[in-house]
Amino acid sequence: MPAASQTQSTAVELSAPHPTLTVYNTLSKKKEPFRTVEEGKVGIYLCGPTVYDKAHIGHMVGPVIFDCIKRYLKYCGYHVTWVVNITDVDDKLINKANDRGITMLEVAEENIADYNGNLAALGVDQIDHFPRATECMPEIIAIVQSLIDSGYAYESEGDVYFDVTKDREYGKLSNRSLDQVQGDGGGGAERKRSSADFALWKSAKPGEPAWDSPWAKGRPGWHIECSAMSKKLLGETFDIHGGGLDLVFPHHENEIAQSECCHGKTFATYWAHNGLLRKDSESGKIGGGGASEKMSRSKGAGGLATLIAKQGGERIRFFLLRTHYRSTVLFSEEAIEEAAIGLESFYRLFKRYHRITKGDFYHLQARAHRTEGDTQSTGNAALDAAAACKAKFIAAMDDDFNTGGAIGELFELAKIANRYCDEHNLEGGGADNATIGDLTLLMATIKELSNILGIFLQPPALPGGSATDELLSKVMPLVIELRAEARAAKNFAVADAIRDGLAPTGVKLEDRAGGTEWTGGGEGAIDKVMAMLIDLRQTSRKNKDFKTSDAIRDRLAAVGVILEDRSGGTEWTRA
RNA sequence: GGCGCCGUAGCCAAGUGGCUAAGGCAUCGGAUUGCAAAUCCGACAUCGUGAGUUCGACUCUCACCGGCGCCUCCA
């Protein structure tokens with residue numbers, strides 16, 4: 001078999017292709033029909049962080065898209081195992097530990113906690129295994145030994161290097177030939193046979209964390225831990241290997257080299273690389289084209305936890321999912337806030353659904369698996385339109401997990417549901433069992449599809465809302481009541497003064513068929529609301545509208561707020 | 001220098017060899033509202049430039065211009 005012998009890695013036999021799902025493969029630079037190593041099962045390995053510092057938003061792109069990928073593959077009926085590794089031994093960790101006078105393990109623990117908190121906030125909960133390099137030393141050493149035994153690696157003064165000249169296929173992922181990767185050789189150049197060789201094992205200097213090995217006491221090189229962890233949890237050949245585009249070379253190239261030389265067969269069938277985030281330093285400027293800078297912890301990027309605290313995880317997830325995962329994304333808080341506006345319209349729809357049906361969107365039962373045969377017309381225009389949206393949503397996801405296109409359909413679905421409410425006057429008495437049933441079907445479709453994206457799984461925790469002041473919740477009904485009375489008396493000046501006066505506090509009023517609703521009101525809103533009321537009372541007194549001014553004081557007293565008129569103005573206190 | 005990516009409306013962003021080029025934000029009309037808000041309806045792009053292939057290209061090829069990535073650690 002002369003032709004086949006040109007490749008040392010024998011291709012493994014794959015399942016029949018999925019009829020519609022295609023996945024882009026960095027290895028072939030094409031979208032390919034999706035086939036699996038084992039029928040009905042998918043193994044995914046995503047390169048996680050080296051935990052030497054806090055995460056930045058760029059670290060979430062991979063986890064978020066793969067979280068969706070797993071959800072979608074499950075939806076398509078696959079059984080999926082997803083591994084995200086933690087690299088917790090590395091030069092940078094050692095340096096960090098030395099700088100701070102703590103152990104490498106302590107540095108790792110701190111940043112792993114940060115990372116896990118970030119994942120949880122963004123709704124990434126599909127990861128099955130979280131292996132750590134330091135927990136896989138026997139497996140790492142076994143692979144290194146095997147590579148030495150088969151002549152692909154050599155020991156040199158206690159270090160072990162992979163001999164790239166022995167690997168005929170070296171460079172196939174990043175599309176470069178050996179003479180193109182002859183750099184300065186990096187650290188330990190004098191111990192290498194070729195400058196492109198890379199370390200599988202690094203002997204320890206005094207004081208460095210070290211593990212016993214057949215060579216010198218030391219630690220694994222970068223790259224090798226992924227080969228070991230993926231083998232341990234997913235086998236010698238698995239389906240999808242993911243990571244940031246910046247990992248293609250040298251990290252993934254070296255992983256392939258190690259694993260395929262060690263096992264003599266395909267390492268991963270599909271290589272899926274997400275695009276990188278850039279920080280938009282000129283956001284807000286007209287005309288775009290402004291400079292943007294690379295996100296990198298070495299350049300001080302970080303603060304993801306702070307960003308989450310401010311914006312909330314769902315906004316960030318939604319922002320990331322609006323763009324195809326392979327694109328470069330310009331990130332700025334303004335961009336996140338713009339995405340959030342779209343998100344809010346969904347939250348409003350969910351509330352509308354609740355007003356009409358008393359049902360909770362978040363508790364709707366939705367289909368968990370795709371069904372191809374439910375496209376026959378129902379004779380109901382709204383339901384038919386929704387079915388068409390769903391079909392387009394699925395087609396988008398089938399096309400290399402095109403979440404951006406899928407989200408467009410979600411907006412369309414929201415419009416269909418809102419229109420249905422309008423056309424059938426569901427908030428003005430048009431609701432009956434039939435219309436409520438149809439609306440619920442529409443909402444369940446939104447639930448089914450948003451479940452795939454991992455959004456709207458539960459009411460958003462942040463921002464603002466959850467921390468609403470208890471007193472504010474008591475005062476607002478009273479404010480609304482005052483305004484309702486003013487409106488009933490056609491005293492629109494007072495009614496509008498209340499609503500307009502509330503605007504700067506972040507509290508919004510919306511008049512609905514069933515009464516006025518209020519939303520918003522974050523930290524400090526209560527003080528501003530009280531100031532508005534005091535101001536309104538002053539104005540009323542000035543206008544001899546004592547009915548209003550007295551009502552304000554009396555009703556505030558009823559909820560435990562006392563107003564005291566002093567020479568310098570009115571002060572309020574909690575009783 | 002080597003390898004590669006991108007350029008769609010004011011902004012963000014899907015998509016396709018030929019029917020109306022998704023969707024979101026913003027803007028402008030209209031319905032609705034006491035006025036708003038929300039919601040709905042409508043308006044708003046010929047797809048960086050030039051050439052080629054083709055009956056036909058925004059979609060394929062080439063050139064150019066303009067952004068960007070990797071080649072050192074990096075999600």
Give me, pair by pair, the N or O atoms of the protein and of nucleotides 44-48 of chain B that are less than 3.5 Å apart, along with how far apart they are.
none

I'd like a table of atom pairs between the protein and nucleotides 18-24 of chain B - only N or O on both sides, under 3.5 Å - with the distance next to each one.
from   : atom 1 : to       : atom 2 : distance (Å)
B:rG24 : N2     : A:Glu338 : OE2    : 3.0

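Side-chain atoms of A:Asn175 and base atoms of B:rC71 include no donor and acceptor less than 3.5 Å apart.
Distance A:His252 NE2 to B:rG69 P: 20 Å, rounded to the nearest Å. When the P atom of B:rG34 is taken as reference, atom CZ of A:Arg483 falls 11 Å away, rounded to whole Å. Nucleotide B:rA26 holds its C1' atom 17 Å from the CD atom of A:Glu344, rounded to whole Å. One interatomic measurement links the two molecules: CZ of A:Arg278 to P of B:rG7, which rounds to 16 Å at whole-angstrom precision. Distance A:Leu413 CG to B:rC40 P: 13 Å, rounded to the nearest Å. Rounding to whole angstrom units, CZ of residue A:Arg512 and C1' of B:rA36 are separated by 12 Å. The nearest whole Å value for the distance from the CG atom in A:Leu46 to the P atom in B:rA75 is 11 Å. Remark: C1' of B:rA13 and CG of A:Leu330 are 12 Å apart, rounded to the nearest angstrom.
In this model, the phosphate group of B:rC40 is approached by a side-chain N or O of A:Asn418 to a distance below 4.0 Å at OP1 or OP2. Close to B:rC70, at under 4.0 Å from its OP1 or OP2, lies no side-chain N or O of A:Arg176. Listed pair A:Asn402 / B:rG15 meets the phosphate criterion, a side-chain N or O lying under 4.0 Å from OP1 or OP2. In this model, the phosphate group of B:rC41 is approached by a side-chain N or O of A:Arg419 to a distance below 4.0 Å at OP1 or OP2.
Nucleotide B:rC55 is matched to B:rG18 when pairs are restricted to Watson-Crick or G-U wobble geometry with both distances under 3.5 angstrom. Summarising the base pairing, B:rG69 is matched to B:rC3 through a Watson-Crick or G-U wobble pair whose two defining distances lie under 3.5 Å. The partner of B:rG29 is B:rC41, by the rule that a Watson-Crick or G-U pair needs both atom distances under 3.5 Å. Across every strand in view, B:rC64 sits in a pair with B:rG48 that passes the Watson-Crick or G-U test at under 3.5 angstrom. The pairing partner recorded for B:rG34 is none, the criterion being a Watson-Crick or G-U wobble arrangement whose two distances lie under 3.5 angstrom.
Distances were taken from every side-chain heavy atom of A:Pro49 (C-beta onward) to each of B:rG2, B:rU16, B:rA75; the shortest belongs to B:rA75. Side chain of A:Ser327, nearest nucleotide from B:rG34, B:rA14, B:rC40: B:rA14.
Residue order along RNA chain B, read from the 5' end via each residue's closest nucleotide, puts A:Glu510 first among A:Asp246 and A:Glu510. Comparing A:Glu423 and A:Ser174, the nucleotide of RNA chain B nearest to each residue sits closer to the 5' end for A:Ser174.
At a non-hydrogen distance threshold of 4.0 Å, A:His56, A:Gly58, A:His59 from residues 53-71 of chain A come into contact with RNA chain B. RNA chain B is contacted by A:Asp496, A:Arg499 of residues 493-508 of chain A, taking any non-hydrogen atom closer than 4.0 Å. A heavy atom closer than 4.0 Å to some atom of RNA chain B occurs in no member of residues 115-127 of chain A.
Taking CG of A:Leu442 as the start and CG of A:Asn380 as the end, the distance is 7.5 Å to the nearest 0.5 Å. Here the NE2-CZ distance, from A:His223 to A:Phe162, works out to 11.0 Å after rounding to the nearest 0.5 Å. Distance check, rounded to the nearest 0.5 Å: CD1 of A:Ile498 to CG of A:Asp535 gives 11.5 Å.
Taking atom C1' in both B:rA57 and B:rG18, the straight-line distance is 9 Å, to the nearest Å. Here the separation of B:rC6 from B:rU61, taken at their P atoms, is 11 Å to the nearest Å. Between the P atoms of B:rG10 and B:rC35, the separation comes to 34 Å (whole Å). Distance noted for atom C1' between B:rU8 and B:rA14: 10 Å (whole Å). Comparing the P positions of B:rU54 and B:rU49 gives an interatomic distance of 23 Å, to the nearest angstrom. Annotation: B:rG15 and B:rG2 have their C1' atoms spaced 33 Å apart (nearest Å). A gap of 13 Å separates the P atoms of B:rA37 and B:rG29, to the nearest Å. Spacing of P atoms, B:rA21 relative to B:rC47, comes out at 12 Å, to the nearest Å.
Using a cut-off of 4.0 Å between Lys/Arg side-chain N and Asp/Glu carboxylate O, A:Lys54 and A:Glu110 are scored as salt-bridged. Under 4.0 Å is where a charged nitrogen must lie from a carboxylate oxygen, and between A:Arg71 and A:Asp125 at least one such pair does. Salt-bridge check for A:Asp90 with A:Lys202: failed, with every basic side-chain N at 4.0 Å or more from each acidic carboxylate O. Ionic pairing of A:Arg355 and A:Glu517 is present here: one or more N-O contacts between side-chain nitrogen and carboxylate oxygen are shorter than 4.0 angstrom. Remark: A:Asp159 engages A:Arg191 in a salt bridge, criterion side-chain N to carboxylate O under 4.0 Å. Checked for salt-bridge contact, A:Arg322 and A:Glu338 meet the test: a charged N lies under 4.0 Å from a carboxylate O. Taking a cutoff of 4.0 Å between a charged side-chain nitrogen and a carboxylate oxygen, A:Asp167 and A:Lys172 do not qualify as a salt bridge. For A:Arg315 and A:Glu344, the salt-bridge test passes: some basic side-chain N is under 4.0 Å from an acidic carboxylate O.
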Run A:Glu314 and A:Tyr347 through side chain to side chain donor-acceptor pair (under 3.5 Å) and show every step you take. CA-CA 12 Å; A:Glu314 184 148 85; A:Tyr347 300 150; 2.6 Å; yes

Could you check A:His273 against A:Thr26 for side chain to side chain donor-acceptor pair (under 3.5 Å), going step by step and ending with a plain yes or no? CA-CA 7 Å; A:His273 290 102; A:Thr26 307; 2.7 Å; yes

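Distance alone, capped at 3.5 Å, is enough to place a donor-acceptor pair between the A:Asn402 side chain and the A:Gly405 backbone.
Note: A:Tyr325 and A:Phe401 have tilted aromatic rings, judged against thresholds of 30 and 60 degrees for the angle between ring planes. Under the 30°/60° scheme for interplanar angles, the aromatic rings of A:Phe456 and A:Phe361 are found to stand perpendicular.
Every side-chain contact (heavy atoms from CB on, under 4.5 Å) that A:Asp545 has, sequence neighbours left out, goes to A:Asn491, A:Val494, A:Ser540, A:Lys547, A:Thr548.
As judged by a 4.0 angstrom heavy-atom cut-off over every strand, A:Gly48 is placed among residues touching the sugar-phosphate backbone only. At a threshold of 4.0 angstrom between heavy atoms, the contacts of A:Arg326 with the nucleic acid are absent.
Within a 6.0 Å sphere centred on NZ of A:Lys508, heavy atoms belonging to other residues, nucleotides or ligands number 12 at most. Within 6.0 Å of NZ on A:Lys29 lie more than 12 heavy atoms contributed by other residues, nucleotides or ligands.
Checked against the 6.0 Å centroid criterion, the rings of A:Phe346 and A:Phe411 qualify as a close aromatic pair.
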